[in-house]
Amino acid sequence: MTEKKRRAVLGLGNVLRRDEGLGIFCLEPLRDRLRGGSDIEIMDGGVLGMSLLPLVESCSHLLVLDALDAGSAPCVVMEMAREEIPLFARLKLSWHQLSFQEVLEFAEVRGKLPGHLRLV
């Protein structure tokens, strides 16, 4: 099996809900900085949920940008390594309630979670 080589930055969130759009709003300045000489893909993942599974599973390196509730003070920038990211949020009552954490959990269960994964 050949090693995956895809490197991506994935912004998550909903621009209509202000703070939830944080990951997406971070993408444009990053595009400007990387313009021209980078093979890193910059992608708006919105709130696509399980539709993002093929993308996640195709990456060797994945940086996820998102707003999260980590129990810290507001506006604190945090970075979590692959092993620090909680993959399953909590018991769901419906499949309509899937979050990006479940996308990561599915990739892990299928043995396709990126080896280099960070959440900021």
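Keep in mind that the numbers below use all heavy atoms, side chains included, and drop hydrogens, waters and symmetry copies. Just so we're clear, the structure is a prediction, and the values are computed from it rather than from any experiment.
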Is there a side-chain contact between His61 and Pro114, using heavy atoms and a 4.5 Å cut-off?
no
Please name all residues satisfying salt bridge (charged side-chain N to carboxylate O under 4.0 Å, His left out) with Glu79, sequence neighbours left out, ordered by chain then number.
Arg118
Under 4.5 Å between side-chain heavy atoms, hopping through other hydrophobics if needed: is there a path connecting Phe100 to Met80?
yes
Listed partners of Ser38 passing side chain to side chain contact (heavy atoms under 4.5 Å, CB included), at least two apart
Leu34, Ile40
What distance do Ser99 atom OG and Glu105 atom CD have between them, rounded to the nearest 0.5 Å?
10.5 Å
Is Leu10 reachable from Met50 through a run of I, L, V, M, F, W or Y residues, each pair having side-chain heavy atoms under 4.5 Å apart?
yes
With Glu41, which residues qualify under salt bridge (charged side-chain N to carboxylate O under 4.0 Å, His left out), at least two apart?
Arg6
Shared hydrophobic cluster, Val9 / Leu22 (ILVMFWY, side-chain heavy atoms < 4.5 Å):
no
Quick check: is Val56 connected to Leu117 through a chain of hydrophobic side chains (ILVMFWY, heavy atoms under 4.5 Å apart)?
yes
Could you state the interatomic distance from CZ (Arg7) to OG (Ser60), rounded to the nearest 0.5 Å?
7.5 Å
d(Asp66 CG, Leu68 CG) to nearest 0.5 Å is 6.5 Å
Under 4.5 Å between side-chain heavy atoms, hopping through other hydrophobics if needed: is there a path connecting Val77 to Val64?
no
Can you name the residues that form a side chain to side chain contact (heavy atoms under 4.5 Å, CB included) with Val76, not counting sequence neighbours?
Ser72, Ala73, Met78
Heavy atoms only: give me the nearest Ser51-Pro54 pair and the separation to one decimal.
O-CD, 3.4 Å
Quick check: closest heavy atoms across Ala8 and Met43, and the distance to 0.1 Å?
CB-CE, 3.4 Å
Roughly how far, to the nearest 0.5 Å, is the CG atom of Leu48 from the CG atom of Leu55?
10.0 Å
Is there a side-chain contact between Leu104 and Leu113 (heavy atoms, below 4.5 Å)?
yes
Pairing residues for Arg110 by the salt bridge (charged side-chain N to carboxylate O under 4.0 Å, His left out) criterion, not counting sequence neighbours:
Glu57
Is there a side-chain contact between Val47 and Leu12 in this structure, where contact means two heavy atoms from C-beta onward sitting under 4.5 Å apart?
no
Distance-only donor-acceptor pairs under 3.5 Å for side chains of residues 23-31, two or more places apart:
unit_1 : atom_1 : unit_2 : atom_2 : d
Glu28  : OE1    : Arg31  : NH1    : 3.2

From Arg82 atom CZ to Leu62 atom CG, the distance as rounded to the nearest 0.5 Å
11.0 Å
What distance do Cys59 atom SG and His116 atom NE2 have between them, rounded to the nearest 0.5 Å?
12.0 Å
